[in-house]
Asker: 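If you scroll down you'll find the structure; I have some questions about it.
Below, chain A is the first sequence line, B the second, and so on; all start at residue 1.
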There are 2 protein chains.
Amino acid sequence: MTDNGNRPEDGPADATDTVATVLRQWRDVLPELDTDPMRLIGRINRSAALLRQAEDAPLRRPGLTRPEFELLGALRRTGRELTPGDLARETFSSGAAVTKRLKQLTGRGLVERRTDARDRRVVLVGLTAAGRELVDSVLPEQLSFEADVLSGLDAEERHRLAELLGKLLTQLEGRLAPRL
Amino acid sequence: MTDNGNRPEDGPADATDTVATVLRQWRDVLPELDTDPMRLIGRINRSAALLRQAEDAPLRRPGLTRPEFELLGALRRTGRELTPGDLARETFSSGAAVTKRLKQLTGRGLVERRTDARDRRVVLVGLTAAGRELVDSVLPEQLSFEADVLSGLDAEERHRLAELLGKLLTQLEGRLAPRL
DNA sequence: CGCCGATCATTTACGAGTGAAACACCTGCT
DNA sequence: AGCAGGTGTTTCACTCGTAAATGATCGGCG
């Protein structure tokens with residue numbers, strides 16, 4: 001028998017992914033370091049990076065960037081006009097970024113801005129027909145692409161994972177994001 | 001009895017986090033859409049974003065940016081000199097970005113570059129004493145901070161989550177990152 | 001031996017995001 | 001009514017990352 005895979009801290013899934021190698025390297029150099037949090041945080045970050053990179057592929061065809069698509073999605077799913085401030089909160093980006101993206105998207109005829117009648121400081125942003133059609137055509141592709149990417153896990157595993165992440169996220173949002 | 005919380009697709013943890021609200025909005029507007037992948041992908045992305053934002057806090061004190069710290073960490077944990085190309089692969093960023101960061105870090109006396117004797121194209125990057133001391137002093141803080149952030153989950157949940165993410169990541173890396 | 005293609009690092013030009021300041025407008029108070 | 005302070009959006013100056021071009025060097029092959 002070899003000496004790998006039998007340490008109590010190493011589960012079976014820890015053997016092969018990048019984070020596991022990183023953890024082994026740290027253990028070799030600084031054995032007394034408690035690297036346990038990396039197991040989660042490293043994997044969340046790395047998964048997010050890989051997914052982000054992969055997810056962008058279906059969006060490239062319609063020439064959209066991911067944050068642009070999220071902005072359009074926010075408008076589509078709320079079903080009403082939103083202000084730039086709303087959009088910034090909804091897409092977790094800065095107000096300045098939203099302004100820039102709106103310039104792009106209005107230029108392409110996907111969204112429309114109009115100033116609110118009651119309060120002339122605020123502008124209301126809504127999807128045009130073209131914008132709505134674009135979202136409705138891209139979103140199913142995007143979702144089926146995502147489903148395919150996740151198919152390495154079976155339904156039960158995906159469910160447990162989503163549930164645990166939901167719990168983590170609830171905690172994090174309560175603790176780290178008082179703004180909501 | 002109310003109608004919330006009893007749909008088969010909604011686990012108990014789905015009730016409160018941001019992603020759950022987004023899913024409800026989509027269901028109200030496009031009920032026939034299979035939003036299941038969002039449950040995972042949305043949560044991974046959102047968790048990563050929150051963690052990233054939080055994690056940067058302990059690094060600000062020594063005036064380090066996250067990618068800079070990851071570069072230093074790669075040098076520390078491998079325990080040897082690395083080339084810019086190695087560092088780019090190790091930190092998942094472009095070569096140009098690495099060059100820029102090396103300029104910063106050599107300026108601060110945290111790393112040293114020397115050209116390889118055998119192959120004068122390649123440059124070998126190593127930690128200075130100050131660099132190693134910096135990593136060794138910041139890393140434990142960083143890890144205990146992370147442990148604190150994750151404390152909303154108990155040990156068993158963290159373990160299962162890490163395991164499932166490890167499995168997912170293994171699949172993703174096999175499929176999406178042939179370069180390794 | 002000398003050239004040709006490949007490889008590694010760096011430079012350059014550019015696009016995208018950010019925080020802080022600026023601007024427009026509203027609301028409450030006197 | 002008029003001003004003070006607050007809120008919503010945009011602009012500005014800057015930083016950072018990237019892709020593509022550049023420069024330097026190696027290895028092999030005629």
Side-chain angles (χ1 to χ4, degrees), chain A residues 45 48-50 52-57 59-60 63-72 74-75 80-108 111-126 179-180, chain B residues 45 48-50 52-57 59-60 63-72 74-75 81-108 111-126 179:
Chain A
N45 283 329
L50 283 177
R52 156 158 272 131
Q53 183 183 344
E55 257 185 314
D56 290 347
L59 296 178
R60 261 190 260 289
L64 281 176
T65 172
R66 165 86 89 98
E68 285 169 349
F69 186 63
E70 281 183 7
L71 193 160
L72 296 176
L75 287 170
R80 54 188 180 84
E81 292 175 313
L82 296 176
T83 71
D86 292 336
L87 287 168
R89 270 180 295 275
E90 209 68 43
T91 64
F92 306 109
S93 47
S94 76
V98 169
T99 299
K100 278 193 181 181
R101 292 200 262 270
L102 288 177
K103 198 174 301 180
Q104 278 284 329
L105 295 171
T106 54
R108 289 202 242 168
V111 302
E112 274 173 347
R113 333 153 84 134
R114 66 181 184 87
T115 57
D116 185 11
R118 310 183 211 282
D119 185 342
R120 294 212 310 259
R121 286 171 303 179
V122 336
V123 10
L124 291 175
V125 181
R179 316 242 158 264
L180 267 170
Chain B
N45 283 329
L50 283 177
R52 156 157 273 132
Q53 183 184 344
E55 257 186 313
D56 290 348
L59 296 177
R60 261 191 260 289
L64 242 40
T65 171
R66 165 87 89 100
E68 284 169 349
F69 186 64
E70 282 183 7
L71 193 160
L72 296 176
L75 288 170
E81 292 174 312
L82 296 177
T83 72
D86 292 336
L87 287 167
R89 271 181 295 277
E90 210 67 44
T91 65
F92 307 108
S93 47
S94 76
V98 170
T99 299
K100 278 194 180 178
R101 293 199 261 269
L102 288 177
K103 198 173 301 179
Q104 277 284 329
L105 295 171
T106 54
R108 289 201 242 167
V111 302
E112 273 171 347
R113 334 150 86 131
R114 66 182 184 86
T115 58
D116 185 11
R118 310 182 211 284
D119 185 342
R120 294 211 311 261
R121 287 171 302 180
V122 335
V123 12
L124 291 174
V125 182
R179 316 239 156 266

Asker: Going 5' to 3' through nucleotides 17-23 of chain C, assign each nucleotide B (protein heavy atom under 4.0 Å from a base atom), S (under 4.0 Å only from sugar-phosphate atoms) or - (no protein heavy atom that close).
Answerer: BBB----

Asker: Measure the shortest side-chain to side-chain distance between A:E70 and B:N45 over non-hydrogen atoms and say whether it is less than 4.5 angstrom.
Answerer: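 When only atoms from C-beta onward are counted, B:N45 and A:E70 do not touch, as no gap falls below 4.5 Å.
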
Asker: Could you state the atom-to-atom distance from CZ of A:R121 to P of C:dC25 in whole Å?
Answerer: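 About 10 Å, once rounded to whole Å.
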
Asker: Just by distance, do the side chain of B:S94 and the backbone of B:A97 share a donor-acceptor pair under 3.5 Å?
Answerer: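 It does hold such a pair.
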
Asker: Does the side chain of A:P67 reach to within under 4.5 Å of the side chain of A:T91, using non-hydrogen atoms?
Answerer: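 Contact flag for A:P67/A:T91 side chains = no.
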
Asker: Starting at CG of B:D119 and ending at C1' of C:dA9, how long is that distance when rounded to a whole Å?
Answerer: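 Distance, rounded to whole Å: 11 Å.
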
Asker: Let me confirm one number: the CZ-CD distance from A:R60 to A:E55, rounded to the nearest 0.5 Å.
Answerer: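 Separation between the atoms: 11.5 Å.
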
Asker: Nearest whole angstrom, please: distance from the P of C:dT10 to the CG of B:D116.
Answerer: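 To the nearest whole Å, that distance equals 13 Å.
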
Asker: Find out whether A:L124 and A:T83 are in side-chain contact, i.e. whether some heavy atom of one side chain is under 4.5 Å from a heavy atom of the other.
Answerer: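 Yes, at least one pair of side-chain atoms sits under 4.5 Å.
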
Asker: Using a heavy-atom cut-off of under 4.0 Å over every strand shown, decide if B:R66 touches base, sugar-phosphate, or nothing.
Answerer: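 B:R66: no heavy atom of the nucleic acid under 4.0 Å.
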
Asker: Please report the interatomic distance NZ(B:K103) to CZ(B:R108), rounded to the nearest 0.5 Å.
Answerer: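 Here the rounded value is 14.5 Å.
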
Asker: To the nearest 0.5 angstrom, please state how far the CD atom of B:E81 sits from the CG atom of B:L75.
Answerer: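 That separation rounds to 9.0 Å.
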
Asker: Between which nucleotides of DNA chain D, 5' to 3', does chain B make heavy-atom contacts below 4.0 Å?
Answerer: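 Boundary nucleotides touching chain B, in 5' to 3' order, are D:dG17 to D:dC26.
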
Asker: Under the criterion side chain to side chain contact (heavy atoms under 4.5 Å, CB included), I'd like the reasoning laid out for B:R101 against B:L87: C-alpha separation, chi angles, the key distance, then a yes or no.
Answerer: CA-CA 11 Å; B:R101 293 199 261 269; B:L87 287 167; over 6 Å; no

Asker: Expressed in angstrom and rounded to an integer, what is the separation of B:R120 atom CZ from C:dA9 atom C1'?
Answerer: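 To the nearest whole Å, that distance equals 14 Å.
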
Asker: With a 4.5 Å limit on heavy-atom distance, are the side chains of B:V98 and B:V125 in contact?
Answerer: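 They are not in side-chain contact.
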
Asker: Working to the nearest 0.5 Å, report the span between OG1 of A:T65 and CG of A:L105.
Answerer: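 That separation rounds to 10.0 Å.
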
Asker: Quick check: do B:V111 and B:T106 have side-chain heavy atoms less than 4.5 Å from each other?
Answerer: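 They are in contact (side-chain heavy atoms under 4.5 Å apart), so the answer is yes.
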
Asker: Please compare B:R113 and A:Q104 by the position of their nearest nucleotide in DNA chain C and report the one closer to 5'.
Answerer: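 Going by which nucleotide is closer to the 5' end, it is B:R113.
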
Asker: How sharply is the helix from C:dC1-D:dG30 to C:dT30-D:dA1 bent, taking the axes over five pairs at either end and rounding to 10 degrees?
Answerer: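 End axes: 10° apart.
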
